[in-house]
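The chains referred to below are lettered A, B, ... by the order of the sequence lines, with proteins before strands, and numbering in each begins at 1. This one's a predicted model, so the numbers in the text were calculated from it and none came from an experiment.
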Amino acid sequence: MKSYWLMKSEPTAYSIDNFQKDKTTFWNGVRNYQARNFMRDQMKVGDQVLFYHSNTEPPGVAGLARVVKAGYQDHTELDPKSKYFDPKASPDNPIWFMVDIAFVKKFKNFVDLDLLKTAPGLEKMMVVKRGSRLSVQPVTAKEFEIVEKLGS
DNA sequence: GCCAACGTTGGC
DNA sequence: GCCAACGTTGGC
């Protein structure tokens with residue numbers, strides 16, 4: 001059973017255009033337990049992802065991605081020079097996880113947050129709720145389909 | 001740049 | 001284990 005996700009990135013740090021150039025990327029630096037658990041326990045190869053631009057004007061879904069490698073140790077937690085370093089982690093005791101995702105497409109129409117908020121069928125999406133800070137969020141198949149249509 | 005929401009930390 | 005203080009996220 002395939003699952004669907006929304007992943008947030010600040011375009012000043014990593015945008016859909018960077019992603020399109022790279023083709024694939026690892027999603028390191030998530031330091032939130034809820035988001036960690038989704039990546040570690042639930043994301044599977046083949047799952048589809050809405051690539052979301054946050055903390056920008058306007059915020060919204062910029063395109064699509066696909067999971068190509070399931071959860072594994074976020075090795076930046078082992079690097080003392082990294083800002084993601086976690087002294088409690090070791091190769092045998094991974095604490096933080098990441099996944100690899102592949103670029104699928106950049107939307108012809110950027111689906112901004114206003115549109116997400118008003119589109120029928122998306123009322124329950126986590127990202128439209130106030131104060132929703134989670135950077136990796138589950139979405140339903142139906143929600144994914146609606147957003148994909150809005151973007152194409 | 002402000003600040004509300006919310007997660008994390010640490011004193012007790 | 002409570003909760004105040006603090007830090008971060010992210011829309012506006």
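Considering CG of A:L50 and CE of A:M7, their distance stands at 11.0 Å, rounded to 0.5 Å. We find the CG-CZ distance between A:L64 and A:F51 to be 11.0 Å, quoted to the nearest 0.5 Å.
Rounded to whole Å, atom C1' of B:dA5 lies 13 Å from atom CG of A:L134. Rounding to whole angstrom units, CG of residue A:D112 and P of C:dC12 are separated by 10 Å. For the pair A:N37 CG and B:dG7 P, the interatomic distance rounds to 13 Å; values are reported in whole Å. At whole-Å resolution of the value, CD in A:Q137 and C1' in B:dC6 are 14 Å apart. Distance CD (A:Q34) to P (B:dC6): 11 Å, rounded to an integer number of Å. Whole-Å rounding puts the A:K88 NZ to B:dT8 P distance at 12 Å. For A:K83 and C:dT9, the NZ to C1' distance is 12 Å, given to the nearest whole Å. If you take NZ of A:K117 and C1' of C:dG10, they are 11 Å apart, rounded to a whole angstrom.
The phosphate of C:dG11 (OP1 or OP2) has a side-chain N or O of A:Y52 nearer than 4.0 angstrom. Side-chain nitrogen and oxygen atoms of A:K8 include none within less than 4.0 Å of the OP1 or OP2 phosphate oxygen of C:dT9. Put simply, A:K129 has no side-chain N or O that comes within less than 4.0 Å of OP1 or OP2 on C:dG10.
Ring centroids of A:F85 and A:W96 are separated by 6.0 Å or more, keeping the two rings apart.
On a pure distance criterion of 3.5 Å, a polar donor-acceptor pair joins the side chain of A:R133 and the base of B:dA5.
Closest to the side chain of A:N32, from the set B:dG7, B:dA5, C:dG10, is B:dG7.
Although no hydrogens or angles enter the test, the distance criterion places no donor-acceptor pair under 3.5 Å between the side chain of A:S9 and the main chain of A:P11.
Residue order along DNA chain B, read from the 5' end via each residue's closest nucleotide, puts A:N55 first among A:N55 and A:R31.
Relative ring orientation between A:F110 and A:H53 is described as tilted, the plane-to-plane angle lying within the 30° to 60° band.
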